[in-house]
Amino acid sequence: MHGEYKIPGGKLVVVDVDEEDGALRHVRVAGDFFLEPDEALEAVNRALEGAPADTDAAGLAARIDAALPAGTVMYGLTSQGVAVAVRRALAQAADWTDYDWQVIHEGPEPPALHMALDEVLTAEVAAGRRPPTLRVWEWGAPAVIIGSFQSLRNEVDAEGAARHGVEVVRRISGGGAMFVEPGNTITYSLSVPDALVQGLSFQDSYAYLDDWVLGALGEMGIRAWYQPLNDIATDQGKIAGAAQKRVVGPGGGPGAVLHHVTMSYDIDADKMLEVLRIGREKMSDKGTRSAKKRVDPLRRQTGLAREEVIERMISSFGARYGLSRGKVTDEELTRARELARTKFTSAEWTARVP
């Protein structure tokens with residue numbers, strides 16, 4: 001079995017391994033990382049040899065740490081990363097390049113329709129009727145997008161939202177509220193087969209699915225990193241937040257993962273503070289007293305037009321994994337419009353957690 005894992009912010013780890021009588025055999029670790037001394041690599045292989053095949057990533061990493069020679073130095077490599085590569089090999093996880101990716105970047109749509117499109121397109125990927133898809137959104141109106149489990153009244157100032165003409169919609173994924181305005185926000189969704197994240201913990205899947213955009217930002221001169229659980233940050237502040245939803249396939253079979261990210265290209269911080277209720281507890285958790293300092297827009301950091309940032313992101317993804325242009329099909333759009341009408345614009349859904 002063969003497994004690969006690109007360590008976020010690090011290097012690629014490749015593991016070839018057999019499973020015999022419930023144990024790992026013939027383990028061989030490789031990759032483009034740096035490791036000193038040379039004998040440390042064989043120590044890693046020996047540590048994994050004979051380990052029970054059902055050992056989780058934390059247990060495998062502990063075996064590696066205990067076996068490393070004194071003074072071992074890793075560059076672009078971690079014991080956890082090796083362990084994740086092993087788990088992905090055993091799970092026969094897919095790699096990004098195993099798929100023919102499609103990108104959808106169409107005109108502005110109402111916020112509720114974007115919520116519905118996420119649900120419909122990810123279900124289509126789970127059913128095998130759509131290839132893995134990168135969809136870049138264009139917002140038709142300003143909105144607050146609240147997480148699936150958030151309290152509507154605790155997160156949104158209804159008077160402020162009405163005063164500024166901001167629509168409130170609830171998405172199917174968890175996480176926090178996002179304030180978006182057309183032209184000031186870059187939002188994208190990845191709808192991927194769950195085979196792509198096999199062997200990854202929930203937290204590791206966030207970092208794994210965000211890694212490409214960190215590379216794209218780096219190409220634009222921004223040093224960005226994944227900040228657990230679901231933020232993308234730079235030394236200037238937070239620039240994006242991610243959320244996920246797992247979708248079961250037909251008949252309970254293999255499913256898909258929806259991973260969507262909202263990035264702040266520019267932001268009207270004063271308006272945001274009038275629409276969102278940002279509590280002191282959340283501020284203290286982020287290590288800052290000012291909500292205005294939490295988000296640092298991409299416009300200031302790149303000096304590029306929003307459209308150019310998006311095109312560079314799409315080009316970077318395509319250079320890594322291949323990408324063809326696609327569109328939402330008529331059938332998908334019809335289903336999404338009906339779902340937007342019956343679910344995402346309904347008071348029952350929006351206020352399901354009052």
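Just the heavy atoms: all of them, side chains too, but no hydrogens, waters or symmetry mates, feed the values below. Values in this document were obtained by computation on a predicted structure and should not be read as measured data.
- With ring centers used as reference points, W349 lies under 6.0 Å from F344.
- Between S189 and H259, the closest side-chain pair of non-hydrogen atoms is not below 4.5 Å.
- The residues R163 and E159 are annotated as not salt-bridged, no charged nitrogen and carboxylate oxygen being separated by less than 4.0 angstrom.
- At a threshold of 4.5 Å between side-chain heavy atoms, the hydrophobic network of Ile, Leu, Val, Met, Phe, Trp and Tyr places V353 and I172 in two separate groups.
- Ring pair H114/W139: centre-to-centre distance below 6.0 Å.
- A donor-acceptor distance shorter than 3.5 angstrom exists from the side chain of R171 to the backbone of G174, with no hydrogens or angles considered.
- In this structure, I146 and L152 have side chains that are in contact, with non-hydrogen atoms separated by less than 4.5 Å.
- Listed by chain and residue number, Q198, P254, V257 satisfy the side chain to side chain contact (heavy atoms under 4.5 Å, CB included) test with D194 (two or more places apart in sequence, or in another chain).
- Looking at R170, its side chain does come within 3.5 Å of a backbone N or O of Q150 through a donor-acceptor pair.
- Under the 4.5 Å side-chain heavy-atom criterion for grouping Ile, Leu, Val, Met, Phe, Trp and Tyr, I267 is connected to V275 within one hydrophobic cluster.
- Remark: L134 CG to H105 NE2 distance equals 10.0 Å, nearest 0.5 Å.
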Let me see the working for T72 and E36 under side-chain hydrogen bond (donor to acceptor under 3.5 Å, both in side chains), right down to the final yes or no. CA-CA 6 Å; T72 294; E36 295 289 347; over 6 Å; no
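- By the 4.5 Å heavy-atom criterion applied to side chains, F34 and M74 are not counted as neighbours.
- Electrostatic pairing of R306 and E311 does not count as a salt bridge here, judged by no charged N lying under 4.0 Å from a carboxylate O.
- Look at R88 and E4 and you find no salt bridge, because none of the NZ, NE, NH1 or NH2 atoms lies under 4.0 Å from a carboxylate O.
- Within the 4.5 Å cutoff, side-chain heavy atoms of L90 are placed close to those of V86.
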Pair S148-R352, side-chain hydrogen bond (donor to acceptor under 3.5 Å, both in side chains): steps then yes or no = CA-CA 9 Å; S148 181; R352 76 181 191 121; 2.4 Å; yes
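- Here K327 contributes atom NZ and E106 contributes atom CD; the two are 8.0 Å apart, rounded to the nearest 0.5 Å.
- Applying side-chain contact (heavy atoms from CB on, under 4.5 Å) to H2 and the options V15, D16, V17 leaves one that passes, D16.
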Self-check item: E331 vs T334, side-chain hydrogen bond (donor to acceptor under 3.5 Å, both in side chains): CA-CA, chis, key distance, verdict
Solution: CA-CA 5 Å; E331 181 182 353; T334 297; over 6 Å; no
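- Contact annotation: the side chain of L196 approaches that of Y208 to within less than 4.5 Å [non-hydrogen atoms, C-beta and beyond].
- R25 and D18 are not joined by a salt bridge, as no carboxylate oxygen comes within less than 4.0 angstrom of a charged side-chain nitrogen.
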Next item on the list: Take F317 and L190 through the test side-chain contact (heavy atoms from CB on, under 4.5 Å) and record every step on the way to the result.
Entry: CA-CA 11 Å; F317 189 103; L190 286 169; 4.0 Å; yes
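- A pairwise comparison of heavy atoms in R87 and A53 identifies NH1-O, 2.7 Å as the closest pair.
- Using modelled atom types, one side-chain atom of T345 and one backbone atom of R341 make a donor-acceptor pair closer than 3.5 Å.
- For CG of D235, the number of neighbouring non-hydrogen atoms (other residues, nucleotides, ligands) closer than 6.0 Å is greater than 12.
- Contact of the Q301 side chain with the I239 side chain is registered, since non-hydrogen atoms from C-beta on lie closer than 4.5 Å.
- Listed here is the closest heavy atom pair of L12 and K6: CD1-N, 4.0 Å.
- For the pair R277 and E155, the salt-bridge criterion is not met [side-chain N within less than 4.0 Å of a carboxylate O].
- R246 CZ: more than 12 foreign heavy atoms inside a 6.0 Å radius.
- The distance between the ring centers of W212 and Y188 falls below 6.0 angstrom.
- Linking Ile, Leu, Val, Met, Phe, Trp and Tyr whenever their side-chain heavy atoms come within less than 4.5 Å leaves V125 and V197 in two separate clusters.
- R300 and Q236 share no donor-acceptor pair across their side chains, judged by distance under 3.5 Å alone.
- Under the 3.5 Å distance criterion, the side-chain polar atoms of T350 are left unmatched by any main-chain donor or acceptor of A347.
- When all heavy atoms are compared, the tightest approach of G215 to R320 is CA-NH2, 3.3 Å.
- Judged by distance alone, the side chain of S316 and the main-chain N or O of M313 form no donor-acceptor pair under 3.5 Å.
- Taking 4.0 Å as the cut-off between side-chain N and carboxylate O, D118 and R135 count as a salt-bridged pair.
- Distance alone, capped at 3.5 Å, places no donor-acceptor pair between the T133 side chain and the S191 backbone.
- Counting only heavy atoms from C-beta outward, the side chains of L276 and D157 never approach each other to under 4.5 Å.
- Formation of a donor-acceptor pair under 3.5 Å by the E49 side chain with backbone atoms of H26 is found in this model.
- V84 and Y75 sit in two unconnected hydrophobic clusters of ILVMFWY residues. Membership requires side-chain heavy atoms under 4.5 Å apart, directly or through other members.
- Closest heavy-atom contact between P8 and Y5: CD-OH, 3.4 Å.
- In terms of heavy atoms, I7 sits closest to T78 at CD1-N, 3.6 Å.
- For S264 (side chain) and D266 (main-chain N/O), no donor-acceptor pair under 3.5 Å exists by modelled atom type.
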Inset, instruction - Could you walk me through whether R337 and E109 pass the salt bridge (charged side-chain N to carboxylate O under 4.0 Å, His left out) test, one step at a time? - result: CA-CA 11 Å; R337 283 173 173 163; E109 297 287 5; 5.3 Å; no
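- The minimum heavy-atom distance between L68 and A40, with the atom names listed, is CD2-O, 4.2 Å.
- Note on ring orientation: taking the six-membered ring where Trp is involved, the planes of W96 and Y321 are parallel (angle under 30°, cut-offs 30° and 60°).
- Under the 4.5 Å side-chain contact rule for hydrophobic residues, V261 and L258 do not share a cluster.
- At a threshold of 4.5 Å between non-hydrogen side-chain atoms, the residues E308 and R312 count as touching.
- Salt bridge annotation for K271-E181: present, with a cationic side-chain nitrogen under 4.0 angstrom from a carboxylate oxygen.
- Between E338 and K343 there is no salt bridge, since no side-chain nitrogen of the basic residue lies less than 4.0 Å from a carboxylate oxygen of the acidic one.
- Ring geometry for W101 versus Y99: interplanar angle over 60°, hence perpendicular rather than tilted (30 to 60°).
- Put simply, the side chain of D231 never gets that close to the backbone of A233: no donor and acceptor are under 3.5 Å apart.
- Counted within 6.0 Å of CG on N154, heavy atoms from surrounding residues, nucleotides or ligands total more than 12; the atom is thus considered enclosed.
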